[in-house]
Amino acid sequence: MLTDPWFYAAAVPALLIVGIGKGGFGGGLGALGVPVLALVIPPTQAAAILLPVLAIMDIVGLYKYRGTWDRRQMAILAPGAVAGIVLGSLTFAITSEDFVRLIIGGIAVGFTLWHWGNGWLGIAARQQRHSQIRGSFWSSVSGYTSFVAHAGGPPLNVYLLPQRLDKTVYVGTTVVFFALVNYVKLIPYALLGQFDTTNLAASAVLSPLAPVGVLLGVALHHRISDVSLYRVVYVVLMLSGLKLLWDGSAIFR
């Protein structure tokens, strides 16, 4: 695998895109990482290779967005995220990856169409406040889908986007959230034998791309307005949702 040029042709752009999303656009692009890498290797192996690289990205993101995250949001989101990861680890052996992709894709596309539909109809979407019930539910879905396919961005955004947080607080909160999620995921991934020498070697080779992608995302983040950032996030949410729906439809083919 490490000598296969097709592996790098998929892995390099996938990691740069994920890093840019994590560093500048709230992590929504993370849903594209496993599907792109899964073009050349099995999805479960793609997820295992990506996780240590994502953990390095999280360190860079935490440093760049230190002090800008919403602590109240994280107090709501953290327990649900851990619960979702536990559920994902317990059902790992019986989970259909395509079924999970369909769930995530449906959530992403449906939520984005609802938001755009309100705009087309001239209906002003009501700004939502933080909610223990909604936050716990969507963070648990995010933790679960993140465990299975590193695709926790769409469910988390269903909860965070309607709150219209300041763009830097929004991205900073997603950075802290996914840092927690990814470092917790390291434990069950290791226990499930996902970190063999082949996967860890591939992660090590790809790890220099981690800070590059995140820093590119941070640079872009500071060059666009709040309105533009949220427009980009909704477009990314729609594209990632459509991609996941297409990949998940393989269950019917």
Side-chain angles (χ1 to χ4, degrees), residues 14 18 22 27-39 41-55 58 74 76-111 132-160 174 176-196 198-200 202-203 237 240-253:
V18 170
K22 184 180 285 289
L29 289 167
L32 301 178
V34 170
V36 172
L37 200 52
L39 295 173
I41 60 175
T44 52
Q45 185 179 24
I49 290 171
L50 283 175
L51 182 54
V53 186
L54 294 177
D58 291 327
M74 281 304 303
I76 293 172
L77 296 171
V82 174
I85 293 168
V86 171
L87 178 62
S89 63
L90 292 176
T91 59
F92 176 78
I94 60 173
T95 299
S96 165
E97 292 176 337
D98 287 329
F99 179 68
V100 173
R101 290 189 182 105
L102 288 174
I103 294 174
I104 305 168
I107 291 170
V109 171
F111 176 69
Q132 185 72 51
I133 295 175
R134 290 197 309 272
S136 297
F137 174 76
W138 287 114
S139 63
S140 63
V141 176
S142 179
Y144 176 75
T145 56
S146 181
F147 179 87
V148 175
H150 303 323
L156 180 65
N157 279 331
V158 171
Y159 172 68
L160 285 182
T174 65
V176 174
F177 177 85
F178 285 113
L180 169 69
V181 166
N182 287 333
Y183 276 90
V184 172
K185 286 190 315 193
L186 289 171
I187 299 171
Y189 266 59
L191 294 175
L192 290 167
Q194 294 292 85
F195 296 140
D196 59 25
T198 299
N199 291 343
L200 287 177
S203 299
L237 195 60
S240 61
L242 291 172
K243 170 63 175 171
L244 289 164
L245 285 175
W246 171 255
D247 291 341
S249 67
I251 198 172
F252 303 114
R253 299 199 292 266

Open item on the list: For Ala151, is there any backbone N or O sitting under 3.5 Å from a side-chain donor or acceptor partner on Thr145?
Closed with: yes

Task: Nearest non-hydrogen partners of Ser142 and Gly152, listed with the distance - done: OG-O, 2.7 Å

Open item on the list: More than 12 heavy atoms of other residues, nucleotides or ligands under 6.0 Å from OH of Tyr183: yes or no?
Closed with: yes

Task: Val109 versus Gly241, closest heavy-atom pair with distance - done: CG2-C, 3.6 Å

- [ ] Starting at CD of Gln194, measure out to CG of Leu186 and round the result to the nearest 0.5 Å.
- [x] 12.0 Å

Task: Sidechain-backbone polar pair: Tyr189 side chain, Ser89 backbone, donor-acceptor under 3.5 Å - done: no

Task: Minimum heavy-atom distance between Ala81 and Val181, given as atom pair plus value - done: CB-CG2, 3.8 Å

Open item on the list: For the OG1 atom of Thr174 and the CZ atom of Phe178, what is their distance to the nearest 0.5 Å?
Closed with: 7.0 Å

Open item on the list: Checking the side chain of Ser139 only, and the main-chain atoms of Leu77 only, is there a donor and an acceptor separated by less than 3.5 Å?
Closed with: yes

TODO: Taking Ser203 for its side chain and Ile49 for its backbone only, find out whether a donor-acceptor pair lies under 3.5 Å.
DONE: yes

- [ ] List the atom of Phe252, the atom of Leu102, and the distance in Å for their closest heavy-atom pair.
- [x] CE1-CD1, 3.7 Å

- [ ] Test Ile103 against Tyr144 for side-chain contact (heavy atoms from CB on, under 4.5 Å), laying out the working first.
- [x] CA-CA 11 Å; Ile103 294 174; Tyr144 176 75; 5.7 Å; no

Task: Spatial distance of atom CG (Asp58) from atom NZ (Lys22) [nearest 0.5 Å] - done: 4.0 Å

Open item on the list: Measuring only between side-chain heavy atoms, which start at C-beta, is Phe177 closer than 4.5 Å to Leu156?
Closed with: yes

Open item on the list: Please check: side-chain N/O of Lys185 versus main-chain N/O of Ser146, any donor-acceptor pairing under 3.5 Å?
Closed with: yes

Open item on the list: Can you tell me how far apart OG (Ser140) and CG (Leu87) are? Round to the nearest 0.5 Å.
Closed with: 8.5 Å

Task: Any side-chain heavy-atom pair of Phe92 and Val148 under 4.5 Å - done: no

Task: Met74 side chain reached by Leu180 side chain, heavy atoms, under 4.5 Å - done: yes

Task: Verdict with reasoning, Val86 to Phe147, per side-chain contact (heavy atoms from CB on, under 4.5 Å) - done: CA-CA 9 Å; Val86 171; Phe147 179 87; over 6 Å; no

TODO: May I ask you to decide if Phe195's main-chain N or O and Asn199's side chain share a donor-acceptor pair within less than 3.5 Å?
DONE: no

- [ ] May I ask you to test the Ile107-Val141 pair for a side-chain heavy-atom distance under 4.5 Å?
- [x] yes

